[in-house]
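Here the structure comes first, spelled out in structure tokens, and everything after it is commentary.
For clarity, every value in this text was computed on a predicted model and none was experimentally measured. Protein chains get the first letters and strands the later ones, always in sequence-line order, with residue 1 at the start of each. Because only heavy atoms are used, hydrogens play no part in the values below, and waters and symmetry mates are left out as well, while side chains stay in.
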Amino acid sequence: MVEWQRTHTCGELREGHVGQDVTLTGWVLITRNYGRQVFVDLRDRYGLTQVVFEADDPALFEAANRVGREWVLSVKGTVRKRLEGAARENIPTGRVEVLAKAFNVLNECPPLPFSVTEFPDEEPAGEELRLQYRYLDLRRRTLQRVLALRHRMNKTIRDFLDARGFLELETPLLGKSTPEGARDYLVPSRVFPGEFFALPQSPQLYKQLLMIAGYDKYFQIARCLRDEDLRADRQPEFTQLDVEVSFAERDDILSLMEGLAAEVFRTCLGVEVPVPFPRMTYAEVMARYGSDKPDLRYGLEVVDVTDLAAESEFGVFKSAVAAGGVVRAINAVGAADKYSNTALKPGGELPKIAETFKAKGLAWMKADGDKLTGSIEKFFPEPLKAKLRERLNVKPGDLLLFVADKPEVAADALGGLRAHLGVALKLYRNWWEEKAEYDAAEEEKAKAEKRPPVPYQPRPDQFRFLWVVDFPMFAWDDEEKRWAAIHHPFTAPMDEDLPALESDPGKARAKAYDLVLNGYEVGGGSIRIHRQEVQSAVFGLLGMEAEEARKRFGFLLDALKSGAPPHGGIALGLDRWCMLLAGTTNIRDVIAFPKNQKARDLMTGAPAPVDPRQLKDLGIRPA
RNA sequence: GGGGACGUAGCUCAAUUGGUUAGAGUACCGGACUGUCGAUCCGGUGGUUGCGGGUUCGAGUCCCGUCGUCCUCGCCA
């Protein structure tokens, strides 16, 4: 085997290279045997080039005939223009081909458990199988593009923050378990049997200590680990852009992030997202959308009708109001025909969703012409119906959905219904769905017109950012009978709410903010407490005795006394960012080696039992 | 921990009301073929219907259990 090193990549050759002797290396996508020629599509992550073996050289031709899919080859040959009429305009290398003079088989490959070709009408293999053979899955062009996009995103972030004087600093993986928050992944200490490190849920405390140390602009693309149940957009280990700034107030952080988001969308998608992003208070989004991360790509807002319901004769509404509850409604515009009365009965499609969120039931009316119909209609006298129609802007064919309950339950249930209806009524389209449609049509057109296809360009209106601000400091934990931090225990209360900390903790608002994009929480942060006495007070409210606080966070309390500057920051969930940039709703699609829903790595099999001697060294006995 | 969907050839799927020997496409193997481009044509190999039990004259199909995967509620400061 001689001189197999490549001179060009498989995506490089053009008409300008015609006549040159070149060497390509890559994987065989597919071969076409035509009797007198063998065509081999050779592929690497840069592209695909057609290689031709001709029968004039019987030994070479015979050898080429044996080559199969996914073999790794090095091919020496001459670039030549394709025959008249045989050029392909849909790939950049489509006007040329390489006439092979010699080749090396760098590795053979048996038939694979699934196809990596990704032909248009080819159904992808099941995810379980793809995760088991992730190294093959990653060979697919789609995943190669996603990981390249992820690189581009990370690079943009680093360049953006570097240009503004930020330092990328690393913090430990082996740290100390902190109370509250998610379950920790623990690492046993060999030197101190029975003692454990905890892997970081985020670099939160370290970055605050860096602020106190005077590193006033910090960032890190940091791995975070939380041992909680997973979802389509949650992995046990995930990546955050962690940012912290000293002498910053909330708006400094928000506008910095707006600039960063705009830069990321510019470089990764070619989209100019409008800044600044809209802002709403937590109270407002919960009232209007029933969610702290509403998707603003569609309306379907929640409307309060408590006053009208109280005037009605409907017992369920009246008693809910009498008990201090609320009655809220959604007008599912034009959906009266889509949901039969059966689908709206208890146990039907929509009531079941409401019940998922703890609502006791779902009441409804339909607008049949200019009449309201449904079983609860009779409890509303005509003038009240008129007010209802006006409040909810009812038009013929509309479906009204009511939830009567405690404010939080009503918000959750209607928020859940809103999200469900957004999908069911097709109130919005994801940009990648429009792209898929465009691509299919454009491919056809380009082929007919013998030109390269024009790539799809996403639009700014397909990305609806939102800042949610003024979160409450605490929520009452009914199970543990105590206040729990909504953000985290280091979040500063709003200055004017400092008195409320003592008198009415539930009313105190935090200097906390979340960034929401198309219904996904893609970032969250706060201005931190930088005064020791405030931090101690908050610990106290969270039910932590002074002695315990000292034991757990003594280092932080001491540090806060030692010249801590005001500071604050944010963390962006980069996996979710990458999802939305890549056009997927599955976080595993943007992580090279993800875990499955039970947090198992199907490729390596981790987690796995270990040798008993390892456990003995660590002083651990299995349960 | 709760709810839901799914599990049939290497892969993607089909199989009527419970009814004959479980099919198709693709992959793979063999053959034909002078420009293909997911070539085409002809032929062939390939099955513990996830696993265990039950009902039945008869189970891929129905019931129970179990394992696995995904979605979701709780959970994720």
Side-chain angles (χ1 to χ4, degrees), chain A residues 29-42 48-56 61 68-70 80 82-91 93-94 97 99 110-133 136 178-184 201-202 204-205 224-236 238 349 352-359 412-413 416 419-420 447 471 473-475 477 479 483-491 510 512 521 524 526 538 542 571 573 585-586 588 596-600 602:
Chain A
L29 182 73
I30 201 164
T31 63
R32 292 177 292 277
N33 184 330
Y34 204 84
R36 288 277 304 170
Q37 292 88 22
V38 176
F39 299 94
V40 173
D41 288 346
L42 200 65
L48 179 153
T49 300
Q50 171 167 291
V51 178
V52 195
F53 297 82
E54 296 199 329
D56 309 345
F61 186 71
R69 289 187 180 204
E70 300 305 315
R80 70 180 185 188
R82 290 202 189 184
L83 290 184
E84 200 61 41
R88 299 194 72 199
E89 296 298 340
N90 61 340
I91 59 170
T93 59
E97 64 190 7
L99 175 64
L112 298 177
F114 61 91
S115 164
V116 300
T117 50
E118 301 199 294
F119 296 129
D121 62 353
E122 193 174 35
E123 286 298 321
E127 190 176 19
E128 189 176 357
L129 195 69
R130 293 195 286 113
L131 290 179
Q132 192 183 341
Y133 299 94
L136 297 178
T178 56
E180 300 212 38
R183 291 184 194 90
D184 288 314
Q201 296 179 25
S202 80
Q204 180 62 34
L205 285 168
C224 306
L225 300 105
R226 296 178 189 175
D227 185 5
E228 293 293 344
D229 287 347
L230 306 182
R231 289 282 190 287
D233 62 349
R234 279 174 11 198
Q235 277 276 296
F238 59 100
E349 180 186 338
K352 260 160 84 178
I353 289 163
E355 281 158 29
T356 310
F357 294 92
K358 305 248 161 58
D412 279 358
H420 176 85
K447 207 168 179 178
F471 280 78
M473 281 287 285
F474 308 105
D477 186 331
E479 258 172 49
W483 293 103
I486 283 194
H487 194 60
H488 57 54
F490 318 110
T491 300
E521 183 195 324
S526 63
V538 169
L542 295 171
T585 54
N586 177 351
R588 297 178 296 276
N596 77 358
Q597 211 203 11
K598 285 203 175 152
R600 185 182 286 287
L602 293 177

Query raised in the report: Using purine N1 to pyrimidine N3 plus N6-O4 or O6-N4 for Watson-Crick, or N1-O2 and O6-N3 for G-U wobble, both under 3.5 Å, which nucleotide pairs with B:U8?
Result: none
Query - Short side-chain donor-acceptor distance under 3.5 Å, A:Glu127 and A:Asn586 - result: yes
Query raised in the report: Counting only distance, no hydrogens or angles, is the base of B:G38 paired donor-acceptor with the side chain of A:Asp41 under 3.5 Å?
Result: no
Report summary line: Between A:Glu228 and the options A:Arg234, A:Lys598, A:Arg183, the salt bridge (charged side-chain N to carboxylate O under 4.0 Å, His left out) test singles out A:Arg183
Query raised in the report: Side chain of A:Ala182: nearest nucleotide among B:C76, B:G38, B:U69?
Result: B:C76
Query raised in the report: Between B:C70, B:C28, B:C11, which nucleotide has the shortest distance from any of its atoms to the side chain of A:Arg69?
Result: B:C28
Query raised in the report: Which part of the nucleic acid does A:Pro110 contact within heavy-atom distance under 4.0 Å: base, sugar-phosphate only, or nothing?
Result: nothing
Query raised in the report: Going from CD on A:Glu84 to CZ on A:Arg82, what distance comes out if it is rounded to the nearest 0.5 angstrom?
Result: 13.0 Å
Report task. Tell me what A:Thr117 touches on the nucleic acid: a base, only sugar-phosphate, or nothing, going by heavy atoms under 4.0 Å. Result -> nothing
Report summary line: Between A:Lys358 and A:Pro113, whichever has its closest RNA chain B nucleotide further toward 5' is A:Pro113
Query raised in the report: In Watson-Crick or G-U wobble terms, both distances under 3.5 Å, what is the partner of B:G18?
Result: none
Report summary line: Taking every heavy atom of A:Ala413 against every heavy atom of A:Ala354, the minimum-distance pair comes out as CB-O, 4.0 Å
Query raised in the report: Base, sugar-phosphate, or nothing: which does A:Gly126 touch, judged by heavy atoms less than 4.0 Å apart?
Result: sugar-phosphate
Requested in this report: Under 4.0 Å between any heavy atoms, over every strand shown, what does A:Leu83 touch: base, sugar-phosphate, or nothing? Just pick one.
Outcome: base
Report task. Answer with base, sugar-phosphate or nothing: what part of the nucleic acid does A:Arg82 contact at a heavy-atom distance below 4.0 Å? Result -> base
Query - For atom CG of A:Leu230 and atom P of B:C70, their distance in whole Å - result: 9 Å
**Report entry** Selection from B:C76, B:C71, B:C73 that lies nearest to any side-chain heavy atom of A:Arg226
**Finding:** B:C76
Query raised in the report: For atom C1', what is the distance between B:U61 and B:G7, given to the nearest Å?
Result: 14 Å
**Report entry** A:Arg600 or A:Phe119, whichever maps to the more 5' nucleotide of RNA chain B
**Finding:** A:Phe119
Query - Spacing of A:Phe39 atom CZ relative to B:G38 atom P, expressed in whole Å - result: 12 Å
Query raised in the report: With no hydrogens and no angle check, do the side chains of A:Glu97 and A:Thr49 hold a donor and an acceptor under 3.5 Å apart?
Result: no
**Report entry** Atom-to-atom span, CD1 of A:Ile486 to C1' of B:C76 - whole angstrom
**Finding:** 14 Å
Report summary line: For nucleotides 3-8 of chain B, 5' to 3', base contacts (B), sugar-phosphate-only contacts (S) and non-contacts (-) with protein non-hydrogen atoms under 4.0 Å give ------
Report task. Scan A:Ser115 against the nucleic acid and name what it touches under 4.0 Å (heavy atoms): base, sugar-phosphate only, or nothing. Result -> nothing
Query raised in the report: Taking atom CG of A:Leu112 and atom CD of A:Glu70, what is their separation to the nearest 0.5 Å?
Result: 5.5 Å
Query raised in the report: Just how far, in rounded Å, is P of B:U34 from CD of A:Glu84?
Result: 23 Å
Query raised in the report: Do side-chain atoms of A:Arg36 reach the backbone of A:Glu54 as a donor and acceptor pair under 3.5 angstrom?
Result: no
Query - Pair of N/O donor and acceptor under 3.5 Å linking B:C76 base with A:Arg234 side chain - result: yes
Query raised in the report: What nucleic acid atoms does A:Glu118 come within less than 4.0 Å of, heavy atoms only: base, sugar-phosphate, or nothing?
Result: nothing
**Report entry** Distance, rounded to the nearest Å, where A:Leu129 contributes CG and B:A9 contributes P
**Finding:** 12 Å
Requested in this report: May I have the distance from A:Asp121 (atom CG) to B:C13 (atom C1'), rounded to whole angstrom?
Outcome: 13 Å
Query - Pairing partner of B:C29 (Watson-Crick or G-U wobble, both distances under 3.5 Å) - result: B:G43
Query raised in the report: Base, sugar-phosphate, or nothing for A:Ala484, non-hydrogen atoms under 4.0 angstrom?
Result: nothing
Query raised in the report: Ignoring hydrogens and angles, does a donor from either the side chain of A:Gln50 or the base of B:U36 sit under 3.5 Å from an acceptor on the other?
Result: yes
Query raised in the report: Counting side-chain heavy atoms from C-beta on, which of B:G68, B:C71, B:C28 comes nearest to A:Arg588?
Result: B:C71
**Report entry** Distance in angstrom units between A:Leu131 CG and B:C70 P, rounded
**Finding:** 7 Å
Query raised in the report: When we call it a touch if two heavy atoms are under 4.0 Å apart, what does A:Asn33 touch: a base, just sugar-phosphate, or nothing?
Result: base
Query raised in the report: What's the closest nucleotide to the A:Glu128 side chain, out of B:C70, B:G68, B:C37?
Result: B:G68
Requested in this report: Select one nucleotide: of B:U34, B:C71, B:C28, the one nearest the side-chain heavy atoms of A:Gln37.
Outcome: B:U34
Query raised in the report: So what does A:Glu127 touch, heavy atoms closer than 4.0 Å: a base, only the sugar-phosphate, or nothing?
Result: sugar-phosphate
Report task. Using the side-chain hydrogen bond (donor to acceptor under 3.5 Å, both in side chains) rule, take A:Gln597 and A:Arg588 through it: C-alpha gap first, then chi angles, then the decisive distance, then the call. Result -> CA-CA 10 Å; A:Gln597 211 203 11; A:Arg588 297 178 296 276; over 6 Å; no
Report task. Report the nucleotide, chosen from B:U36, B:C37, B:U69, that has the shortest atom-to-atom distance to any side-chain atom of A:Arg88. Result -> B:C37
Query raised in the report: Can you check the A:Asn596 CG to B:G68 P distance for me, whole Å?
Result: 10 Å
Report task. Consider the side chain of A:Gln597, meaning its heavy atoms from C-beta on, and name the nucleotide among B:C71, B:G38, B:U34 that approaches it most closely. Result -> B:C71
**Report entry** Minimum-distance nucleotide to A:Phe114 side chain [options: B:A39, B:C11, B:C76]
**Finding:** B:C11
Query raised in the report: Can you check side chain to side chain contact (heavy atoms under 4.5 Å, CB included) on A:Phe490 and A:Gln204, steps first, answer last?
Result: CA-CA 9 Å; A:Phe490 318 110; A:Gln204 180 62 34; 3.9 Å; yes
Report task. Using atom types as modelled and distance alone, determine if a side-chain donor or acceptor of A:Glu122 lies under 3.5 Å from a backbone N or O of A:Glu118. Result -> yes
Query raised in the report: Can you tell which of B:G68, B:U36, B:U72 lies closest to the side chain of A:Arg231?
Result: B:U72
Query raised in the report: Can you tell me if the side-chain N/O atoms of A:Arg32 get under 4.0 Å from OP1 or OP2 in B:G38?
Result: no
Report task. Please check if any side-chain donor atom of A:Asp184 sits under 3.5 Å from a side-chain acceptor atom of A:Gln201, or the reverse. Result -> yes
